[in-house]
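These numbers come from a predicted model, not from an experiment. Proteins come first, then strands; the chains are lettered A, B, ... in the order of their sequence lines, and each starts at number 1. Note that these values count all heavy atoms, side chains included, but never hydrogens, waters or copies made by symmetry.
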2 protein chains.
Amino acid sequence: MEDRIPVPPPHPAHDVTEHVGYRLKRASAALRGAMDKALREHGLTVPQYSCLELLDAQPGLSNADLARGTFVTRQSANVVLRGLKEAGLITRPASADHGRVLPVHLTPAGQERLHAARTAVYALEKRMVEAVPERRLTALLTDLDAMTEALGG
Amino acid sequence: MEDRIPVPPPHPAHDVTEHVGYRLKRASAALRGAMDKALREHGLTVPQYSCLELLDAQPGLSNADLARGTFVTRQSANVVLRGLKEAGLITRPASADHGRVLPVHLTPAGQERLHAARTAVYALEKRMVEAVPERRLTALLTDLDAMTEALGG
DNA sequence: CGCCCTATGTCAAAATGCTGACATGGAAGA
DNA sequence: TCTTCCATGTCAGCATTTTGACATAGGGCG
C-alpha cells in the first residue's frame, strides 16, 4: 500500500534518456567529440582553441577571464595557457606592471593557427545550425540561455 | 531583399559567444555544475548518478553499455563501476556465465541512494524545463537531437 | 590611514578521463 | 566447420581537471 502515490507531478518522463538534461549532455558530448577530432588535425585541443577564440575577440584577457569563458577552473586554464605559450601561440608577461593580472595576447603564429582551425570548427557549427529549422534558431539560443540562467549561470 | 544574400558561407557570427556551440557548452556546463553540487550532498558524482539511473531503467546493462550511455570510454565507466561496487550500490558477477559481458544490477542500497538523489536532480530538471515556454519544449528536444545526429552521434 | 573583503595567480595532491594495447568470447560468412 | 571480424573487459601510462590552500594586489569604507 505504499504505492498510494498521488502522482509524480514534476516527473514528466520515466526514462532518463527522455529528460532535457540527458539530451543536452548528449548534444554537448557530440559537439565535444566532433571538435576534438577536427582540432586534432590542427594540433589543438578544445580548451586551447576556446582560449584562442576568446583572445582573438578580446585581446588582453586574464587567466581568470579565460577560465570563466571556457567553463573551467583558473588552475585548468593556467595549464592550457602554459601549453599555448610553449607552442608560441600566445604571449604573457612574466610580471604584472599594474595589478596582479597578467594580460594574455595572441602572437602572429597564434592568429594563424586559430584561423586555420576556425575553418574546421565553423564547418561543424554549420552542420549543427543547418540541422535545426531556421525559424527556430533564435528560440533555441534563447531557451538554452534561459536554462543556463535558471541553473544559476 | 536581404534574404537574397548568397549566404555568409561559413562564418555566420563574429563573436564566439554568439555561436550555438558556445551556448550549448555553457548550458551543459551549468547543468553539470548544478548537478555536481546537488549530488555531493548525496555522496554521488555525476557519472555515478548517471549509471544508477541507467541501471534502474535497464537492469543488467554491461559496462560498455553504461559507457555509451554516459558518454565516456569503457575504461572510465569501469572505474565508476568499481566505486559503485565498493560502495555497495551495485552488484557485478566476477565472471560471466554466458558470454564475456558482466551484467550490472542495482542493490537495494543502490535503489535507495538513487531515489534520494533523484529528488534533487529532478528539481534541477524542473527549473530548467520551466525556464523555456512549454509550447517550445518538444521543439527544443527535437532540435537538440537533430544537432546531435548532424555531428555524428 | 588602516581594515576588510574580494579577486587573482599559483603550488601541491588527488580525482577523473582518455589513448593505446591486449586477450578473449561470439557472431557472421566462406 | 573454420576463419575472420567485431565487441567486450581490462591493464598500463599519460593528460586533463578539480579540490584545497596560500600569498598578494586593489577597492571600498570606517
*With sequence neighbours left out, write down each residue that passes side chain to side chain contact (heavy atoms under 4.5 Å, CB included) with A/T148, or none if nothing qualifies.*
B/R26, B/A27, B/A30
*Would you kindly compare A/R100 and B/S62 by the position of their nearest DNA chain D nucleotide and give the one closer to the 5′ end?*
B/S62
*Looking only at side-chain atoms of A/R32, point me to the closest of D/dT19, D/dT17, D/dT8.*
D/dT17
_Partner set under side chain to side chain contact (heavy atoms under 4.5 Å, CB included) for A/T107, not counting sequence neighbours_ = A/T91, A/A109
*Quick one: list whatever passes side chain to side chain contact (heavy atoms under 4.5 Å, CB included) with B/R82, sequence neighbours left out.*
B/N78
*Can you sort out which residues in residues 39-48 of chain B have a heavy atom within less than 4.0 Å of DNA chain C? Ascending by number, please.*
B/T45, B/P47
Validation: residues 33-43 of chain A side-chain donor-acceptor distances under 3.5 Å, sequence neighbours left out:
from	atom 1	to	atom 2	distance (Å)
A/D36	OD2	A/R40	NH2	3.1

*Could you tell me which residues satisfy side chain to side chain contact (heavy atoms under 4.5 Å, CB included) with B/P133, sequence neighbours excluded, listed by chain and number?*
A/D143, B/R135, B/R136
*Under the salt bridge (charged side-chain N to carboxylate O under 4.0 Å, His left out) rule, collect the residues that match up with A/E130, sequence neighbours excluded.*
A/K126
*asked:* Applying ring-ring contact (aromatic ring centres under 6.0 Å, His included) as the test, list every pair that has at least one member in residues 64-83 of chain B; sequence neighbours left out.
replied: A/Y22-B/F71
_Can you list, in residue-number order, the parts of residues 63-75 of chain B that come under 4.0 Å of DNA chain D, counting heavy atoms only?_
B/N63, B/A64, B/R68, B/R74, B/Q75
_For C/dC18 and B/S76 - does any side-chain N or O of the residue sit under 4.0 Å from the phosphate oxygens OP1/OP2?_
yes
*Got a sec, which residues hit salt bridge (charged side-chain N to carboxylate O under 4.0 Å, His left out) with B/R74, two or more places apart in sequence or on another chain?*
none
*Specify the separation, in whole Å, of atom CG of B/L84 and atom P of C/dT16.*
11 Å
_Net bend of the helix from C/dC1-D/dG30 to C/dA30-D/dT1, end axes of five pairs each, nearest 10 degrees_ = 30°
*asked:* For B/R68, give me all partners under salt bridge (charged side-chain N to carboxylate O under 4.0 Å, His left out), at least two apart in sequence or on another chain.
replied: B/D65
